[in-house]
Amino acid sequence: MVSVCMYMHIHQPYRLGKFTFFDIGTGKCYWNNEKNEEVFQRVVRKSYLPTTRLLLQLVNETNGAFRVAFSITGVALEQLQKYPEVISNIQKLVDRDCEIVDETYYHSLAFLFSKREFREQVKMHREAVEEIFGYRPRIFRNTELVYSNEIAKEAEKMGYKGILAEGHEKILGWRSPCFVYRAKDANIRILLRHYKLSDDISFRFSLHTWEEYPLTADKFAAWVNSHNGSGELVNLFMDFETFGEHQWPETGIFEFLRHMPKEILKHPDNDFVTPYEAIRRYPERGELDVPFIVSWADTERDLTAWLGNKMQQYALRKLYELEERVLRTGRKDIIEDWRKLQISDHFYFMCTKWFADGDVHKYFNPYDTPYDAFINFMNVLEDLKKRIEEVENHKITRDIALKYLGNVKGGEEFYCCDGKVFRNLRELAEALRCMKREVFLYHANQSKNDFAAWIANCIGDGKLAEKIAHLKDPKLMRRAILDRIRYLKKFI
């Protein structure tokens, strides 16, 4: 008997916008929201919607005999909130005994740099899945299928019963990926990706020079059937975007998926299982010792796609060096931006080597060169450091923010020479929008700056007062005040 375990991974990152040296300290947004939305809309239209609809149809047509599993990064879940039909389709699949697998919320390499941050992101992902789907995952999948003995032990400590890994000869030797194994010195079970059959669909399906082209459902089912008697599981792990995005509809990928389950189920000894079902049904067939890191990336199955050059190593090291300082700020916006910067795609875009799956990902890459990706990332990181330093040097609390944004005490109002009276920063900013130049220069000239003095002495915001003290243009002063108002509102 052979059980097919089909698992699909859903992830789209938050891409950084262009961020130059001259943008550092200006308050410019890090994220290319327009590009992110454009890519996500396309992937939803081409892949997520048609594939989830087809999966639901196949589950219903086979009366639940066909089942699949998903892992969905936290950042993908956030972006999917705008597409309720995709969420609804996945929920219906979960209700029909399909399964969701846990992972790091930000699709990060946190385990390699901070166990604390790794645990926190896994906890965040678990909570998000429970909140959205009402499902508590029992299987774990680390970012990019990064695996080792140590990672398996950590997943077991967090309560997971099984973990996914790459079934490559590098870790298997003479053994087959078609069995359940146990992690070394642990009780957690390992499910190993059958990379040859998985990649036949993911990467070779539309490759005209492939000797097996074209790949049909009945041919693929015959390959699965050949494992009867020599294996118990065929684990097909792949990116969800395989269907409709990496392999376009014109290739026939949806027709292949439409017929593949029924062709496999024609064999009386075949069925489909989810990862948790697999580890409950099949006994372990030995201990698997993986003292080094392995991933599902390129032919080397290692970390070189994200840590293979000095740029990537430096960027990651500097990012995680900020952990303590970031968390001490207590600022949700700083912590969230720091975590978004951990998304592994940022470092993938810095990769300088060539590998087989590069074509699949390059049209998601917003940079012309890996060096552009590195420089852009480091500019953003420098800006984040300045934001941290600002909090450290001028610790803002909710009460202080309310004070700076509120009305001054009676008798401390600003009396303008044109007769207007200002009680708070908003009123001053509004007045500056149309203030006559002679009125402005009466209060802000070479010998004095009444606006800065009022802000320092009556409002108490010395930081803002210092920033506008030498400004001689009402538009620039208004912009500085509005920026400060937006910044202070984050603490309320």
Side-chain angles (χ1 to χ4, degrees), residues 2-11 42-72 86 89-90 92-93 96 98-99 167 177-178 193-228 231 233-275 296 356-357 359-361 363-364:
V2 168
S3 295
V4 175
C5 180
M6 193 168 183
Y7 148 83
M8 298 184 236
H9 178 239
I10 298 177
H11 170 64
R42 187 183 79 206
V43 176
V44 166
R45 183 181 70 254
K46 293 181 65 178
S47 177
Y48 297 168
L49 269 176
T51 308
T52 54
R53 288 169 180 165
L54 180 54
L55 292 174
L56 266 173
Q57 179 184 333
L58 293 171
V59 169
N60 291 330
E61 287 177 356
T62 61
N63 198 27
F66 173 64
R67 292 191 292 283
V68 292
F70 312 94
S71 67
I72 315 167
V86 178
N89 288 346
I90 295 172
K92 290 173 183 175
L93 287 163
R96 292 298 307 269
C98 293
E99 189 175 311
C178 298
R193 175 175 179 259
H194 195 301
Y195 75 87
K196 292 180 180 177
L197 289 180
S198 299
D199 290 351
D200 285 341
I201 301 173
S202 297
F203 301 127
R204 289 183 283 274
F205 183 82
S206 59
L207 187 63
H208 288 247
T209 56
W210 181 34
E211 61 185 8
E212 296 292 347
Y213 180 86
L215 180 59
T216 60
D218 58 337
K219 181 191 292 186
F220 189 81
W223 294 346
V224 171
N225 294 342
S226 69
H227 290 81
N228 275 287
L233 276 169
V234 172
N235 297 312
L236 303 176
F237 301 168
M238 62 196 71
D239 286 336
F240 198 94
E241 291 90 349
T242 294
F243 301 96
E245 181 62 77
H246 300 337
Q247 304 291 344
W248 290 6
E250 293 81 0
T251 66
I253 191 67
F254 286 117
E255 284 305 302
F256 172 82
L257 179 59
R258 188 183 310 278
H259 296 287
M260 185 263 290
K262 296 172 185 176
E263 289 295 326
I264 289 175
L265 290 170
K266 282 181 180 179
H267 194 297
D269 292 332
N270 294 347
D271 68 355
F272 284 86
V273 294
T274 60
W296 71 355
D357 60 348
D359 282 338
V360 171
H361 299 281
Y363 51 74
F364 287 143

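What you see below is based on every heavy atom in this structure, not just the backbone, and it leaves out hydrogens, waters and symmetry mates.
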S.K.: Verify side chain to side chain contact (heavy atoms under 4.5 Å, CB included) between Phe272 and Val68, making sure each step is shown before the conclusion.
M.R.: CA-CA 8 Å; Phe272 284 86; Val68 292; over 6 Å; no
S.K.: Strictly distance-based, threshold 3.5 Å: is any side-chain N or O of Arg193 a donor or acceptor partner for the main-chain N or O of Pro177?
M.R.: no
S.K.: State the CD1-OH distance between Ile10 and Tyr48, to the nearest 0.5 angstrom.
M.R.: 6.0 Å
S.K.: Could you pull out all residues at least two apart from Asn89 that satisfy side-chain hydrogen bond (donor to acceptor under 3.5 Å, both in side chains)?
M.R.: Thr52
S.K.: Could you tell me the separation between the NE2 atom of His194 and the NE2 atom of His227, rounded to the nearest 0.5 Å?
M.R.: 3.0 Å
S.K.: Considering only heavy atoms from C-beta outward, does the side chain of Phe243 approach that of Met8 to under 4.5 Å?
M.R.: yes
S.K.: Ile201 vs Phe256, test: side chain to side chain contact (heavy atoms under 4.5 Å, CB included). Steps then yes/no.
M.R.: CA-CA 9 Å; Ile201 301 173; Phe256 172 82; 3.8 Å; yes
S.K.: Go through the structure and list residues passing side-chain contact (heavy atoms from CB on, under 4.5 Å) with Ser226, not counting sequence neighbours.
M.R.: none
S.K.: For the residue pair Val44 and Pro50, what are the closest heavy atoms and their distance?
M.R.: O-CD, 3.7 Å
S.K.: Apply side chain to side chain contact (heavy atoms under 4.5 Å, CB included) to residues His246 and Phe203 and explain how you reach the verdict.
M.R.: CA-CA 8 Å; His246 300 337; Phe203 301 127; 5.7 Å; no
S.K.: Please enumerate all residues that pass salt bridge (Lys or Arg N to Asp or Glu O under 4.0 Å) together with Arg67, with sequence neighbours excluded.
M.R.: Glu277
S.K.: Is it the case that atom CG in Asn63 sees more than 12 heavy atoms from other parts of the structure closer than 6.0 Å?
M.R.: no
S.K.: For the atom pair CG (Leu197) and SG (Cys178), what is the distance rounded to the nearest 0.5 Å?
M.R.: 7.5 Å
S.K.: Got a sec, which residues hit ring-ring contact (aromatic ring centres under 6.0 Å, His included) with Tyr7, two or more places apart in sequence or on another chain?
M.R.: Phe237
S.K.: What is the minimum heavy-atom distance between Gly231 and Val2, and which atoms define it?
M.R.: O-CG2, 3.7 Å
S.K.: Decide yes or no for Phe66 and Val4: does some side-chain heavy atom of the first lie under 4.5 Å from some side-chain heavy atom of the second?
M.R.: no
S.K.: List for me each residue that meets side-chain contact (heavy atoms from CB on, under 4.5 Å) alongside Leu54, sequence neighbours excluded, and say none if there are none.
M.R.: Gln57, Leu58, Phe254, Leu257, Arg258
S.K.: Going by heavy atoms in the side chains, are Glu245 and Arg42 under 4.5 Å from each other?
M.R.: yes
S.K.: Test of understanding: with salt bridge (Lys or Arg N to Asp or Glu O under 4.0 Å), list the residues that count as partners of Arg96, not counting sequence neighbours.
M.R.: none
S.K.: To the nearest 0.5 Å, how far apart are NE2 in His9 and CG in Asp239?
M.R.: 7.0 Å
S.K.: Of all residues at least two apart in sequence or in a different chain, which pass the side-chain contact (heavy atoms from CB on, under 4.5 Å) check with Leu93?
M.R.: Leu55, Leu56, Val59, Phe70, Cys98
S.K.: Drop me the distance from Gln247's CD to Ile253's CD1, to the nearest 0.5 angstrom.
M.R.: 5.5 Å
S.K.: As a quick check of understanding, evaluate side chain to side chain contact (heavy atoms under 4.5 Å, CB included) for Arg204 and Leu215, giving each step before the final call.
M.R.: CA-CA 9 Å; Arg204 289 183 283 274; Leu215 180 59; over 6 Å; no
S.K.: Could you pull out every donor-acceptor pair under 3.5 Å between side chains of residues 216-225 and any protein atom, sequence neighbours left out?
M.R.:
unit_1	atom_1	unit_2	atom_2	d
Thr216	OG1	Asp218	OD1	2.5
Thr216	OG1	Lys219	N	3.4
Lys219	NZ	Glu212	O	2.7
Lys219	NZ	Pro214	O	3.0
Asn225	OD1	Asn270	ND2	2.5
Asn225	ND2	Ala221	O	3.2

S.K.: First locate atom CZ of Phe240, then atom CD1 of Ile72, and finally report the distance between them rounded to the nearest 0.5 Å.
M.R.: 8.5 Å
S.K.: With sequence neighbours excluded, tell me which residues meet side-chain hydrogen bond (donor to acceptor under 3.5 Å, both in side chains) with His11.
M.R.: Thr73, Asp345
S.K.: Does Glu263 have any salt bridge (Lys or Arg N to Asp or Glu O under 4.0 Å) partners at least two apart in sequence or in another chain, and if so, which?
M.R.: Lys266
S.K.: Of all heavy-atom pairs between Cys5 and Leu233, which one has the smallest distance, and what is that distance?
M.R.: CB-CD2, 4.5 Å
S.K.: Considering only residues two or more places apart or on different chains, which pairs with a residue in residues 48-57 satisfy salt bridge (charged side-chain N to carboxylate O under 4.0 Å, His left out)?
M.R.: Arg53-Glu85
